[in-house]
Amino acid sequence: MEYNLNGYWNNTNGNGEQDEKENMRKNRKSFRNGMISGILLCLLILCCVYTVRQLCILHRQRLENMISQETEEEPDSLVNDMTMKKLEVIEQAISDYYYQEDVKAADMIDGMYQGVVASLGDPYSTYYTEDDLEELMEQTEGIYYGIGAYVGMDAQTGMAYISGVFEGTPAEEAGLRDGDVIYMVNEEPMQGLELSEIVGKIKGQEGTKVDLTIYREGEADYLQIPVERRKIESPTVKYELYDDKTGYIQITEFDEITVDQFAEAMAALREQGMEGLILDLRANPGGNLSAVVEIARQMLPEGLIVYTEDRDGNRTEYTCDGKNVFDMPLVVLINGYSASASEILAGAIKDYGIGELIGTTTFGKGIVQKVMSLSDGTALKLTVSTYFTPKGNNIHGIGVEPDEVYEFDGEEYYENGYDNQLEYAKKVIGEKIGGE
């Protein structure tokens, strides 16, 4: 019994150890299998991620290659599949990598439109946003909030400059002068900006100030000039009678209201006994073609005033019936800031020989722009034609030369208020009146 009993217990202990070892082997095997399965799963996931990433890269490379191949050929249209796909790539790159996060899609869209027009390389063609167009309309009406100065753009340097200063305005009070180059506005450089953008930065709420950094010829350093913004009502015609004989009319810009203002000035001077006229077109940047044509019809003999030709050679003529020929001695003052519409009038007067041009050669802008409104409230201003004087002279890039060159003495004018060109014109008109 003892043996059997002892033998029983001995047999039981032996089977327990075997079971335990078997369980350990099974556990190790399960763990090993689990590890292998986990590794294989991770490798599978990594392979999937890598494959998807490579497919994305290959897709983008293929798209970029397609775009590259497409751009090697001259496209027939601005809007096509390739340009749209490329825009998607650019937009995605900006979204993924550009360091500023507050990029507005609307701003990028406006910038895209502006870039298309800027690609023309024409400083006179512009894309107007809704705000830009509203400002343009304000200028046409002649009332806005600003400093009281005309601002032009030098096509060669791409820099904006003061092309005229209104009398009795903040610009005059601050000492701004014709020809001052606008280097910075509120310490922001203006290089590379469109004229409309620069004007928009100068204008602002009534009573606020704008700080202009100006380059002025003859000055050793830039000038810092703060100017207060006020409500500006810009009269485009100023007139006066000197010595009860010599009439003086200054046209600062050709707007719709200029036609009536000029007619009123001419009627008033004739009523006062005018015997000769000085027409001052200095620093006149131009304006409305129809306005200058209507004014020319109040002065020129019968015949052509100006004609335009578009890119296809189509010709449009603007004529005068000759019923209101100016029949008195006439001197026209011009300078390097007389441009566009003012050159049309000066060129016609010179071609017909009804007046003498005194001063310096005009700016030389002999092209015509047309503003085209778009359905979403924006607009395009595009150069659509070239104009020619009655004798067929194209003055673009050349200007209208005076009959007599007479330089302006800026130092004398700004220090003592003496306008040597105007005084010389008075002398010439006086001699013409006296010689009749």
Side-chain angles (χ1 to χ4, degrees), residues 236-237 247 249-251 253-256 258-267 269-270 274-282 284 286-334 338-359 361-370 383-404 425 428-429 432 436:
T236 59
V237 175
I249 295 179
Q250 179 188 38
I251 304 177
E253 189 173 47
F254 291 94
D255 295 330
E256 294 178 4
T258 309
V259 178
D260 290 338
Q261 290 179 359
F262 180 81
E264 292 170 5
M266 188 73 79
L269 290 172
R270 286 183 182 277
M274 173 181 66
E275 297 180 20
L277 176 65
I278 299 170
L279 179 61
D280 192 349
L281 299 178
R282 291 176 297 175
N284 183 319
N288 192 303
L289 175 60
S290 61
V292 71
V293 166
E294 288 302 317
I295 288 174
R297 286 172 177 156
Q298 300 181 39
M299 301 186 72
L300 296 181
E302 182 178 2
L304 272 176
I305 298 172
V306 65
Y307 68 90
T308 64
E309 287 186 358
D310 64 17
R311 66 181 183 183
D312 298 321
N314 298 315
R315 176 165 166 163
T316 302
E317 296 184 351
Y318 300 84
T319 60
C320 178
D321 59 16
K323 294 181 179 180
N324 300 296
V325 181
F326 190 76
D327 54 359
M328 300 179 187
L330 174 64
V331 166
V332 182
L333 290 175
I334 55 174
S338 305
S340 192
S342 59
E343 294 174 289
I344 289 177
L345 184 56
I349 289 172
K350 181 177 181 179
D351 280 5
Y352 282 110
I354 66 169
E356 181 178 353
L357 274 57
I358 294 176
T361 303
T362 61
F363 184 81
K365 181 178 179 290
I367 48 180
V368 180
Q369 284 74 46
K370 180 179 180 180
T383 299
V384 295
S385 58
T386 302
Y387 74 74
F388 298 82
T389 68
K391 288 186 176 181
N393 297 318
N394 178 359
I395 57 87
H396 190 62
I398 301 170
V400 178
E401 294 185 0
D403 296 301
E404 182 177 356
V428 173
I429 283 290
K432 292 179 179 294
E436 290 183 344

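Nothing here was measured: the structure is a model prediction, and the numbers come from that model. Just so it is clear, the values below take in all heavy atoms, side chains as well, and ignore hydrogens, waters and symmetry mates.
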Under the side-chain hydrogen bond (donor to acceptor under 3.5 Å, both in side chains) definition, can you give me all pairs with a residue in residues 301-313, not counting sequence neighbours?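 Found Asp310-Asn314.
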
What pairs with [X] under side chain to side chain donor-acceptor pair (under 3.5 Å), at least two apart in sequence or on another chain?
X      : result
Thr319 : none
Glu404 : Tyr424
Ser385 : none
Arg315 : Glu317

Could you work out, with side chain to side chain contact (heavy atoms under 4.5 Å, CB included) as the rule, every residue matching [X], not counting sequence neighbours?
X      : answer
Asp351 : Thr389, Pro390, Lys391, Asn393
Asp403 : Lys350, Glu356, Leu357
Ser340 : Lys365
Thr383 : Asp122, Tyr124, Ser125, Ile367, Gln369

Please find the pair of heavy atoms, one from [X] and one from [Y], that lie closest to each other, and give the distance.
X      : Y      : answer
Tyr352 : Gly303 : OH-C, 3.3 Å
Glu253 : Thr258 : O-OG1, 3.0 Å
Ile305 : Val293 : CD1-O, 3.7 Å
Gly359 : Pro402 : O-CG, 3.5 Å
Ser338 : Thr362 : O-CB, 3.3 Å
Ala425 : Val331 : CB-CG1, 3.9 Å

Examine distances only and state if a side-chain atom of [X] and a backbone atom of [Y] form a donor-acceptor pair shorter than 3.5 Å.
X      : Y      : answer
Thr361 : Gly399 : no
Ser342 : Asn284 : yes
Gln261 : Thr236 : yes

Spatial distance of atom [atom1] ([X]) from atom [atom2] ([Y]) [nearest 0.5 Å]:
X      : Y      : atom1 : atom2 : value
Ile251 : Leu279 : CD1   : CG    : 5.0 Å
Glu343 : His396 : CD    : NE2   : 10.0 Å
Gln250 : Arg282 : CD    : CZ    : 7.5 Å

Do [X] and [Y] have side-chain heavy atoms sitting under 4.5 Å apart?
X      : Y      : value
Val259 : Gln298 : yes
Ile429 : Leu277 : no
Leu281 : Phe254 : yes

Going through the checks in order, is the side-chain contact (heavy atoms from CB on, under 4.5 Å) test met by Met274 and Met266? CA-CA 9 Å; Met274 173 181 66; Met266 188 73 79; 4.0 Å; yes

Stepwise side-chain contact (heavy atoms from CB on, under 4.5 Å) check, Val292 with Tyr318: CA-CA 11 Å; Val292 71; Tyr318 300 84; over 6 Å; no

Applying side-chain contact (heavy atoms from CB on, under 4.5 Å), run through Tyr387 and Ile395 and close with a yes or a no. CA-CA 8 Å; Tyr387 74 74; Ile395 57 87; 3.4 Å; yes

Sequence-distant partners of Glu264, salt bridge (Lys or Arg N to Asp or Glu O under 4.0 Å), two or more places apart: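 Listed in chain order: nothing, the list is empty.
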
Going by the rule salt bridge (Lys or Arg N to Asp or Glu O under 4.0 Å), which residues pair with Glu401 if we only count those two or more places apart in sequence or in a different chain? none

List the steps and the verdict of side-chain contact (heavy atoms from CB on, under 4.5 Å) for Ile349 and Phe326. CA-CA 10 Å; Ile349 289 172; Phe326 190 76; over 6 Å; no

Summary of salt bridge (charged side-chain N to carboxylate O under 4.0 Å, His left out) pairs that have at least one residue in residues 289-301, sequence neighbours excluded: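 Checked against salt bridge (charged side-chain N to carboxylate O under 4.0 Å, His left out) - neighbours excluded - the pairs reaching residues 289-301 are Glu294-Arg297.
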
